[in-house]
Colleague: 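Okay, handing you the structure first.
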Amino acid sequence: MCGDNDIKKLTEIFKGMSPYNEYPFFEFFFQILNVLGNPLFLNLYMSTSLFGHSTIMHLGDKAYVYGYMTYLKRETAQILSLCQTSDYGQLKDLLVRLYQKQIEAIRLYHESLPLPQVPVEPIPYEWNYFSERPLVSFNLAMKLLRKIYSSFGNLEFLPAFTSLAKEYSMPLITVRRAVKILSDIGIVETIPGKGTRVLVGLDNPAPISKFSTPNLKKALLQYLQSMQIILIICKDVARVVFPTLSERSIQGTISWLQNIQVSKDYYMAFGVCFNLLREQAQSPALREILDGLMYFQYLGYPLNDVKPYAFRFDPRSTTVLLKSLEEKDAELFSTELQRLALDIFKAGKEKLLAGGIYEAESIVLPPYCFQ
């Protein structure tokens, strides 16, 4: 996806690389990811890079450090060459080797450290972006919205703020902000002395067309950004996780998909299958990332009833995903999951643009996603 200007910037970064400074390598990949137009992806890249990076400069072995950094620059030159010849198969293989080499270097660094005086637990990776203010208020608002659409009738009252704070383990101020968001988009209204009354609900799921509130606009863009990341990574994640799935987890998901076929709630199929990967991934860090991406999906809930939504009533993906699980076909499962994610991304982007959020136009996809 890199154009001539991007390649020019990457070449300038490459020329600035030396065996005595590793940060241009981070900048190089940051610049590549930048073409996706997704600040959330850049945040994830920086979050994982800074957490997982133990600088090999501290190894104390000057010959090894020089050789390793020279190797990185040589591979970076190869990346540029493969990009210019559009040889993306070899490029992907090179990137895998590059990360394997990085893991080897980090392992050497850790082995060079003195053992601690007392045993210590490893520090887990945490992607905190989605749990920070103001996003945490929006996540709670979308959870409340989901509950309203599934449990509350028109003109019913929500529980008191203190009850909601206890139910969701949130500070009272966060609950107030979340309800204010729902009020801004016309879902509820506050009646002095009585509480918060629902204006839509189970018996009146009116579509939301008011996307002009700045914070809601930001939240919906972050939903689409998270969907873009899911779409780009889900096929590879599925290929890695699928062979490790337990028979119990597979049968549980089969049961879910069979229920979806009966209820015709086909829009649930993606969430059920993505959650299977999230729960069964062997890597704690990968589970954390997938959990964060799934958490972002609450932000897209206002889009559920906004037209066009034909893809939500398409039984094909549910049938194919069910077949892939029954036959334990990892490739069919990963391919269909990506196809369904593409439908969801395209529909979400179209809805945002129709609602006047034109910034969604800059969130683009690699060509391979359409193959």
Colleague: So which residues get pulled into L353's cluster when ILVMFWY side chains under 4.5 Å apart are joined, directly or through others?
Modeller: Y358
Colleague: Would you tell me whether Q100 and E104 have side-chain atoms, one donor and one acceptor, within less than 3.5 Å of each other?
Modeller: no
Colleague: Quick one: does T174's side chain get under 4.5 Å of L140's, heavy atoms only?
Modeller: yes
Colleague: Side chains of E331 and K235: does their closest heavy-atom pair fall under 4.5 Å?
Modeller: yes
Colleague: Side chains of L340 and Y266: does their closest heavy-atom pair fall under 4.5 Å?
Modeller: no
Colleague: Whether the side chain of N43 engages the backbone of P39 through a donor-acceptor N/O pair (distance < 3.5 Å, no angle test) should be reported.
Modeller: no
Colleague: Relative to the ring of F51, is the ring of Y125 parallel (under 30°), tilted (30 to 60°) or perpendicular (over 60°)?
Modeller: perpendicular
Colleague: Hey, are the side chains of Y129 and Q222 touching, using non-hydrogen atoms and a 4.5 Å cut-off?
Modeller: yes
Colleague: Side chains of Y223 and Q228: do they bring a donor and an acceptor to under 3.5 Å?
Modeller: no
Colleague: With rounding to the nearest 0.5 angstrom, report the CE to CG distance, M227 to L303.
Modeller: 12.0 Å
Colleague: Considering only heavy atoms from C-beta outward, does the side chain of L293 approach that of W127 to under 4.5 Å?
Modeller: yes
Colleague: Could you tell me which residues satisfy salt bridge (Lys or Arg N to Asp or Glu O under 4.0 Å) with R339, sequence neighbours excluded, listed by chain and number?
Modeller: D314, E336, D343
Colleague: Is Q297 close to M142 at the side-chain level, that is, under 4.5 Å between some pair of heavy atoms?
Modeller: no
Colleague: Between the side chains of Q90 and D87, does any donor sit under 3.5 Å from an acceptor?
Modeller: yes
Colleague: For K9, is the NZ atom crowded, meaning more than 12 foreign heavy atoms sit under 6.0 Å from it?
Modeller: no
Colleague: Mind checking what makes ring pair (Phe, Tyr, Trp, His ring centres under 6.0 Å) contact with Y298, not counting sequence neighbours?
Modeller: Y295
Colleague: Would you compute the distance between atom CD of Q31 and atom CG of L33 and round it to the nearest 0.5 angstrom?
Modeller: 10.0 Å
Colleague: Indicate yes or no: at least one non-hydrogen side-chain atom of Y45 is less than 4.5 angstrom from one of I32.
Modeller: no
